[in-house]
Peer 1: 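The structure follows.
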2 protein chains.
Amino acid sequence: MTKSPTKAATAKTPKPKPDAGGEAAVPVSNRAMRAAERRDAIVEAAMEEFIARGFAATRLDDIAKRAGVAKGTIYLHFKDKESMFEELVRTVIVPVVARLNALPPPTGSVRDLIETFAGNFLKEVIGTRRGDLVRLIVAEGPRFPAVADFYYREVVSRGIAGMRALIELGIARGEIRERDLARYPQILVAPAMIAVIWQSLFERHAPLDAQDMLRVHLDLIFGERRTT
Amino acid sequence: MTKSPTKAATAKTPKPKPDAGGEAAVPVSNRAMRAAERRDAIVEAAMEEFIARGFAATRLDDIAKRAGVAKGTIYLHFKDKESMFEELVRTVIVPVVARLNALPPPTGSVRDLIETFAGNFLKEVIGTRRGDLVRLIVAEGPRFPAVADFYYREVVSRGIAGMRALIELGIARGEIRERDLARYPQILVAPAMIAVIWQSLFERHAPLDAQDMLRVHLDLIFGERRTT
DNA sequence: TATTTATGACTGACTAGTCAGTCATAGTCA
DNA sequence: TGACTATGACTGACTAGTCAGTCATAAATA
C-alpha cells in the first residue's frame with residue numbers, strides 16, 4: 001500500500017514528472033503532497049524493518065533504501081530513530097483504534113457482536129503486518145515506556161473496557177453464565193492474543209486455525225454451540 | 001575497577017584461599033570448579049542484560065562487568081554473542097522442563113491437577129525472571145529461529161500435548177463439557193500467557209491478580225465454581 | 001532567481017571479537 | 001616437603017568495522 005508507483009524507482013529517476021494528465025486531485029500544493037507521500041513511504045519501510053529486526057538492530061540506511069529516499073530525508077520528518085519508532089507506532093495504531101471504535105452496530109445477540117468483532121480482528125490483525133506490530137510492541141515495550149504507555153492507553157485499556165461492557169451486557173441478558181468474567185475481560189481476549197503470537201513464532205511448526213479456535217472459545221463462554 | 005590482585009571482587013566467591021582439605025567433596029579440580037562458577041556468573045549476568053535491553057542492544061562489556069569477569073573470558077565459554085544467547089535460553093529452560101516432566105502425581109480430579117499446575121506456574125513463572133525470559137523469546141524468536149525451534153520443541157509442543165491429555169481425561173470423566181477444547185489446548189493456557197505478558201508490560205498501569213483470573217478461567221472450563 | 005527540499009558522503013562514537021601476555025594453580029622432581 | 005616448571009584460565013588494550021546523525025551541495029519548485 002502507498003507503494004506509490006512513482007518514486008519507488010530509486011531516487012535516481014530523472015523524474016519524468018510530467019503530471020500532464022492532470023494527476024487528478026492535487027488538494028494541497030504538489031510539494032506538500034509529495035512530502036506526505038515520502039513520509040508514508042518512510043513509515044511503511046520503517047515498520048517493515050523494525051518488525052523484521054527489532055528496534056536496535058534496524059539500520060536507518062536500510063529504511064531509507066527501502067523507502068526509496070536518502071537517509072537525510074528521514075531527518076526532515078523525524079527527530080531521531082527513537083522518536084521515529086514512537087511516532088510509527090502511533091501512526092499505525094490510531095486508525096485501527098478509530099475503526100474499532102466505530103464498530104458496534106447494536107444488533108443481535110452479544111455473541112453476535114463479539115463474533116463480528118472477532119471476525120474483524122481475525123481479518124485485520126491475526127497473521128497480518130498489524131499482528132506483527134503487536135508482537136513488536138510486546139518485544140520493545142519495556143525499553144520504550146512511552147510506547148507501552150501509549151499502547152496501554154489507546155488500545156489495551158479501551159479494549160478491556162469495551163469487552164467488559166459487552167460481557168456485562170451478556171450477563172444481564174443471560175447469555176453469559178460466568179459472572180466473574182466481567183472482572184477479567186482479558187480472558188475473553190486471551191486466545192486472540194495467543195493466536196497473534198502463535199502465528200508470528202510457531203506457524204511453520206504447527207499452523208493454527210485461529211478462526212476455529214476462537215469459535216470454540218466463544219462456545220466455552222456462551223454455553224453450548226449455537227447452530228451455525 | 002582497579003585490577004589489583006583480588007579481582008574476584010564480585011559477589012561470586014571472594015575465594016581467598018583454595019583450602020585444599022576442608023570443603024568435603026572437591027570432585028573436580030579447584031580450577032575447573034572456578035571456571036564453572038564463572039560460566040554461571042556469565043549466564044546469569046547475560047540473562048539480566050538481555051532481558052533488560054534485548055539481544056542487539058546488550059553490550060558484552062556490560063555482561064562482563066556484571067559478571068565480574070573480563071570480556072575475553074566470555075569467549076572462553078561461548079563462541080560469540082549469538083550462540084551465547086542461544087545457549088543461555090537452553091541453560092535456563094532445560095531444568096524447568098525437567099521439573100515439569102516430573103510433575104503429575106495422578107491424584108484427585110482433573111481440575112485439581114490443573115489447579116496445582118496453575119499454582120506452580122503462578123509461583124515459578126508469572127512475574128519472575130523466567131516470565132521475562134518468555135517475553136524475551138517472544139521478542140527475539142523471529143530473529144533466532146534456533147531459539148524459537150528449541151522453545152517450540154522443548155516447551156510449547158510438550159506443554160500443548162500435556163494439556164491436551166489432561167483435557168481429554170477431563171472430558172472422559174465428565175468434568176469438562178466442551179469437547180472441542182481438546183483440539184485447542186492453547187485456550188486453556190492462554191490466560192496464563194497473557195498474565196505473563198501483562199506483568200511485564202502493564203503491571204504499573206493496572207496490576208493484575210493473575211491467581212484470581214486463572215481461577216475464573218477454570219470456572220469457565222469446568223462449569224460452576226467448586227466450593228473453595 | 002530565491003527559497004525550499006532532498007541528497008549522500010562524511011564524521012565520530014561505539015562495540016564485537018582478538019590475542020599477546022600474566023599469573024595462580026597443578027604437576028614434577030630432588 | 002620445598003622448589004621449580006608447565007598449564008591454561010584470565011585479562012584488557014586493541015583492531016576493524018558499524019551506524020546514527022550532520023551538513024555542504026544539488027535539485028526542485030515558486
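On a predicted model such as this, the values are computed, not experimentally measured, just so you know. To find a chain, count down the sequence lines: A is the first, B the second, and so on, and within it residues start at 1.
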Peer 1: Find the distance D80(A):CG to dC19(D):P and express it as a whole number of Å.
Peer 2: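 It is 17 Å, rounded to the nearest whole Å.
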Peer 1: What's the closest nucleotide to the side chain of D61(B) if the choices are dT15(C), dA20(D), dT7(C)?
Peer 2: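 Within the option list, the nearest is dT15(C).
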Peer 1: Does R38(B) have a side-chain nitrogen or oxygen under 4.0 Å from the phosphate oxygens OP1 or OP2 of dT11(D)?
Peer 2: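 Affirmative; the distance criterion is met.
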Peer 1: Give a yes or no on whether a salt bridge exists between R215(A) and D209(A), defined as a side-chain N under 4.0 angstrom from a carboxylate O.
Peer 2: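 No salt bridge links R215(A) with D209(A).
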Peer 1: Tell me whether the OP1 or OP2 atom of dG8(C) has a side-chain N or O from K71(A) closer than 4.0 Å.
Peer 2: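 No.
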Peer 1: What is the separation between atom NZ on K81(B) and atom C1' on dT18(C), rounded to the nearest whole Å?
Peer 2: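 One finds 17 Å between C1' of dT18(C) and NZ of K81(B), rounded.
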Peer 1: Could you tell me the separation between the CE atom of M84(B) and the C1' atom of dG17(C), rounded to a whole number of Å?
Peer 2: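 So the CE-C1' distance, M84(B) to dG17(C), works out to 12 Å.
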Peer 1: Using the side-chain heavy atoms of A70(B), tell me which of these nucleotides is nearest: dG17(C), dG21(D), dT11(D).
Peer 2: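 Nearest listed nucleotide: dT11(D).
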Peer 1: In whole angstrom, give the distance that lies between atom CZ of R53(B) and atom C1' of dC14(C).
Peer 2: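 About 14 Å, once rounded to whole Å.
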Peer 1: In this structure, which one of R53(B), R129(B), K65(B) forms a salt bridge (charged side-chain N to carboxylate O under 4.0 Å, His left out) with E48(B)?
Peer 2: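 The passing option is R129(B).
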Peer 1: Of all the choices, dA16(C), dG21(D), dC10(D), which nucleotide is nearest to the side chain of Y75(B) once you look at every atom?
Peer 2: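 Nucleotide nearest to Y75(B)'s side chain: dA16(C).
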Peer 1: Whole angstroms only, please: what is the CZ-C1' distance between F78(B) and dT18(C)?
Peer 2: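 My rounded result for the distance is 18 Å.
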Peer 1: Can you check the I74(A) CD1 to dT22(D) C1' distance for me, whole Å?
Peer 2: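 In whole Å, dT22(D) C1' and I74(A) CD1 are 14 Å from each other.
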Peer 1: From the list dA6(C), dT22(D), dG17(C), which nucleotide is the closest neighbour of the side chain of L76(A)?
Peer 2: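 Selected nucleotide: dA6(C).
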Peer 1: Side chains of D212(A) and Y184(B): do they bring a donor and an acceptor to under 3.5 Å?
Peer 2: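 Short answer, yes.
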Peer 1: Yes or no on salt bridge (Lys or Arg N to Asp or Glu O under 4.0 Å) for E124(A) and R99(A), after CA distance, side-chain angles and deciding distance?
Peer 2: CA-CA 11 Å; E124(A) 305 231 18; R99(A) 195 144 7 121; 2.5 Å; yes
Peer 1: Choose from dG21(D), dA16(C), dC10(D) the nucleotide whose nearest atom is closest to any side-chain atom of H77(B).
Peer 2: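 In terms of side-chain proximity for H77(B), the closest of dG21(D), dA16(C), dC10(D) is dC10(D).
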Peer 1: Rounding to a whole Å, what distance do you find between L60(A):CG and dA6(C):C1'?
Peer 2: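 Taking CG of L60(A) and C1' of dA6(C), I get 16 Å after rounding.
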Peer 1: If you measure from the Lys or Arg side-chain nitrogens to the Asp or Glu carboxylate oxygens, is any gap between R39(A) and E87(A) under 4.0 Å?
Peer 2: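 Result for this pair is yes, salt bridge flagged.
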Peer 1: Can you check the E49(A) CD to dC19(D) C1' distance for me, whole Å?
Peer 2: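 That distance rounds to 14 Å.
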